[in-house]
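Let me begin by presenting the structure, written as structure tokens, before commenting on it.
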Amino acid sequence: MSLDYDLICLSHLRWDFVYQRPNHLLSRCARERRVFFVEEPVHGEGPPRLEVTEKANGVRVCTPTMPPDTSDADAERLQSAMLRELVRGANLRDYVAWYYTPMALAFTGALRPLATVYDCMDELAAFRGAPPALETRERELLRRADVVFTGGRSLYEAKRPVHPRVHAFPSAVEVEHFAKARARQADPDDQAPFPHPRLGFFGVLDERMDLALLEGVAEARPGWQIMVVGPVVKIDPADLPRRPNLRYLGPKGYHELPRYLAGWDVALMPFAQNESTRLISPTKTPEYLAAGRPVVSTPIRDVVRPYGAEGLVRIADGVGAFVAA
């Protein structure tokens with residue numbers, strides 16, 4: 001296969017949501033080829049259209065915009081037409097289709113890629129609100145894919161029996177970026193007022209978080225300040241535990257994270273143990289470690305092995321053990 005090809009990515013994540021695996025990989029791809037990052041639709045006034053925005057790193061973010069009353073069937077039909085027009089208008093002849101979501105199969109039937117890649121970064125069917133058709137479409141994507149990457153070891157072990165070319169591709173860490181947290185520096189304004197010791201978490205707050213554990217730790221040690229950085233998604237913000245020492249600082253940019261980490265004494269991974277976390281491989285594990293923070297985590301399989309086994313992360317189950325760790 002020629003190395004002179006473009007890339008069309010079909011994603012369930014928005015480019016400007018949280019800077020994570022797709023952003024890291026595809027911004028690097030864009031240094032050598034055109035990358036078209038196709039997001040899920042948004043609702044807006046006016047006729048259906050595909051809005052294409054080129055980012056500073058060269059990635060072209062393609063956002064289908066549709067009227068609020070568009071049905072699912074019409075949305076799929078419109079996305080298919082928009083994608084065909086994108087291929088024609090951008091003169092896309094040799095390209096790879098890179099899937100993050102199997103749901104995109106509903107409107108990508110007209111694509112004729114050189115190769116199909118499924119970058120399976122999570123077990124999406126286990127997440128809250130997953131579409132009923134997701135498992136069926138994933139089986140179809142696994143039939144079509146030329147190669148499958150997985151976001152962690154446990155996910156690799158789950159997918160290996162169902163595809164002949166599955167590769168464990170755990171998310172890595174930009175060491176130099178997070179190592180900035182090792183230097184003494186001024187606190188961000190919204191963190192500065194709170195005393196030490198400080199324990200911190202950054203990431204998406206969703207059904208994967210053990211909110212009872214978070215609350216239990218806050219109650220057990222009222223002198224500890226617990227800093228929580230990140231957006232709230234798929235859960236009601238009213239369900240977040242409220243204690244005087246629980247500090248919700250909201251979402252922050254990727255470039256801001258080292259400054260917050262620099263002011264923490266311990267970094268936390270208070271993940272729930274449920275179906276949605278069974279196969280996760282949290283990228284924040286190596287990010288915390290690159291920042292030089294001690295890390296305490298619940299017993300998530302891809303954290304226990306290798307980080308817990310190597311003595312890099314303390315593993316604890318339950319409030320008492322978590323507090324002690």
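Counting begins at 1 with the first residue of the sequence.
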*Between E157 and R160, is there a salt bridge with N-O shorter than 4.0 Å?*
no
*Would you check, one step at a time, whether the test side chain to side chain contact (heavy atoms under 4.5 Å, CB included) holds for L213 with V217?*
CA-CA 6 Å; L213 175 62; V217 173; 4.1 Å; yes
*asked:* Any heavy-atom pair between the side chains of P41 and Q79 that's under 4.5 Å?
replied: yes
_Looking at R198 and D187, is there a salt bridge between them, counting it only when a charged N and a carboxylate O are closer than 4.0 Å?_
yes
*Y260 ring center near F201 ring center (under 6.0 Å)*: no
*asked:* Apply the hydrophobic cluster definition, ILVMFWY joined by side-chain contacts under 4.5 Å directly or through others, and give me every member besides L279.
replied: L155
*Does some side-chain heavy atom of V313 sit less than 4.5 Å from a side-chain heavy atom of I315?*
yes
*Do D317 and Q273 come within less than 4.5 Å of each other through their side chains, counting heavy atoms only?*
yes
_Using 0.5 Å steps for rounding, measure from the NE2 atom of H24 to the SG atom of C29._
13.0 Å
*Scan for side chain to side chain donor-acceptor pair (under 3.5 Å) pairs involving residues 288-297, sequence neighbours excluded, and state none if there are none.*
none
_Taking D206 first and then R208, would you say they form a salt bridge - that is, a charged N and a carboxylate O separated by under 4.0 Å?_
yes
*Is the count of non-hydrogen atoms from other residues, nucleotides or ligands lying under 6.0 Å from E135 atom CD greater than 12?*
no
*Pairing of D190 and R247 as salt bridge, 4.0 angstrom limit*: no
*asked:* Consider side-chain contact (heavy atoms from CB on, under 4.5 Å). Of R144, R139, E140, E138, which one does P102 pass it with?
replied: E138
*Is there a side chain to side chain contact (heavy atoms under 4.5 Å, CB included) between W224 and V266 once you walk through the steps?*
CA-CA 11 Å; W224 293 356; V266 178; over 6 Å; no
*Does the ring center of Y254 lie less than 6.0 Å from the ring center of H177?*
yes
*Measure from NZ or CZ of R34 to the centre of the six-membered ring of Y95 and say whether it is under 6.0 Å with the direction within 45° of the ring axis.*
no
_salt_bridge(E287, K284) N-O dist < 4.0 Å_ = no
*Side chain proximity check, C120 to K159, heavy atoms < 4.5 angstrom*: yes
